[in-house]
Amino acid sequence: MPTSPGELADRFGYPEELTAILDAIVAVVSRSARGRHALVLSGSVATGDFVWRSGEAGPRLLSDLDATLYVEGEWAGRRELDATIARLEREVASPLFHIDLSVQSMQSLDRIEERFQHVEARLAGIVLCGEDVFERYPERVETRAARQSTLNNLWKCV
């Protein structure tokens with residue numbers, strides 16, 4: 001069963017600004033998704049490790065927001081979602097905050113790799129709307145893939 005952004009904020013004490021961002025993304029997906037879909041929140045927002053600081057001008061969001069949208073068939077909402085994400089990032093105006101939302105086909109779940117991030121999502125991820133797809137995520141990490149992921153992250157700095 002999907003978790004609402006408000007429930008997530010209550011669970012981890014997140015600011016209303018993050019709830020509003022998640023509500024806006026869920027609204028676009030809910031309006032435009034036809035057929036099977038799943039909006040999966042992963043990373044620090046889902047695990048309760050999202051970093052933000054209170055300030056005089058309001059909360060400052062300091063972590064990335066990581067999510068994956070799985071859709072079946074053609075999805076007409078991509079342009080609206082991209083525009084919404086761009087608007088939300090401008091409104092937050094923090095160089096450290098970024099919305100990383102990838103759009104994948106439901107069929108891609110049949111080929112999901114055994115990586116730490118996918119196992120973590122299975123264990124701690126949150127479905128914001130659509131169906132629960134976590135049973136299709138891997139249960140364990142394949143160690144070679146984990147080493148490769150670490151090396152790839154090191155090369156990003158170059």
When rounded to the nearest 0.5 angstrom, what distance separates [atom1] in [X] from [atom2] in [Y]?
X: Met106; Y: His37; atom1: CE; atom2: NE2; answer: 9.0 Å
X: Phe12; Y: Ser44; atom1: CZ; atom2: OG; answer: 10.0 Å
X: Leu123; Y: Ser42; atom1: CG; atom2: OG; answer: 12.5 Å
X: Tyr70; Y: Gln104; atom1: OH; atom2: CD; answer: 6.5 Å
X: Asp64; Y: Phe97; atom1: CG; atom2: CZ; answer: 8.0 Å
X: Arg36; Y: Glu72; atom1: CZ; atom2: CD; answer: 5.0 Å

Is there side-chain contact between [X] and [Y], with at least one heavy-atom pair below 4.5 Å?
X: Leu41; Y: Leu22; value: yes
X: Val119; Y: Glu114; value: no
X: Ile21; Y: Glu91; value: no
X: Ile25; Y: Leu88; value: yes

Output yes when a side-chain donor or acceptor of [X] lies under 3.5 Å from a complementary backbone atom of [Y], and no otherwise.
X: His118; Y: Glu113; answer: yes
X: Asp132; Y: Phe134; answer: yes
X: Ser108; Y: Ser105; answer: yes
X: Glu89; Y: Ile99; answer: yes
X: Arg53; Y: Leu61; answer: no

Same cluster or not: are [X] and [Y] linked, directly or through other Ile, Leu, Val, Met, Phe, Trp or Tyr residues, by side-chain heavy atoms under 4.5 angstrom apart?
X: Val103; Y: Leu109; answer: no
X: Tyr137; Y: Leu69; answer: no
X: Val133; Y: Val45; answer: no

Please report the closest heavy-atom contact between [X] and [Y], naming both atoms and the distance.
X: Glu17; Y: Pro59; value: OE1-CG, 3.1 Å
X: Val51; Y: Ser63; value: N-OG, 2.8 Å
X: Ile112; Y: Pro138; value: CG2-CD, 3.7 Å

Worksheet entry | Listed once per pair and sorted, the side-chain hydrogen bond (donor to acceptor under 3.5 Å, both in side chains) pairs that draw on residues 73-86, sequence neighbours left out | Arg31-Glu80, Ser32-Trp75, Arg78-Asp82
Practice prompt. Walk me through it: do Trp52 and Leu18 pass the test side chain to side chain contact (heavy atoms under 4.5 Å, CB included)?
Written response: CA-CA 10 Å; Trp52 61 280; Leu18 181 60; over 6 Å; no
Worksheet entry | Whether over 12 other heavy atoms sit under 6.0 Å from Glu16 CD | no
Practice prompt. Can you sort out the partners of Arg11 under salt bridge (charged side-chain N to carboxylate O under 4.0 Å, His left out), two or more places apart, ordered by chain and number?
Written response: none
Worksheet item: Among all residues two or more places apart in sequence or in another chain, which pass the ring pair (Phe, Tyr, Trp, His ring centres under 6.0 Å) test with Phe50?
Response: Tyr14
Discussion item. Determine whether Leu101 and Leu39 satisfy the following criterion, side chain to side chain contact (heavy atoms under 4.5 Å, CB included), listing intermediate values before the conclusion.
Written reply: CA-CA 9 Å; Leu101 196 156; Leu39 178 56; 4.1 Å; yes
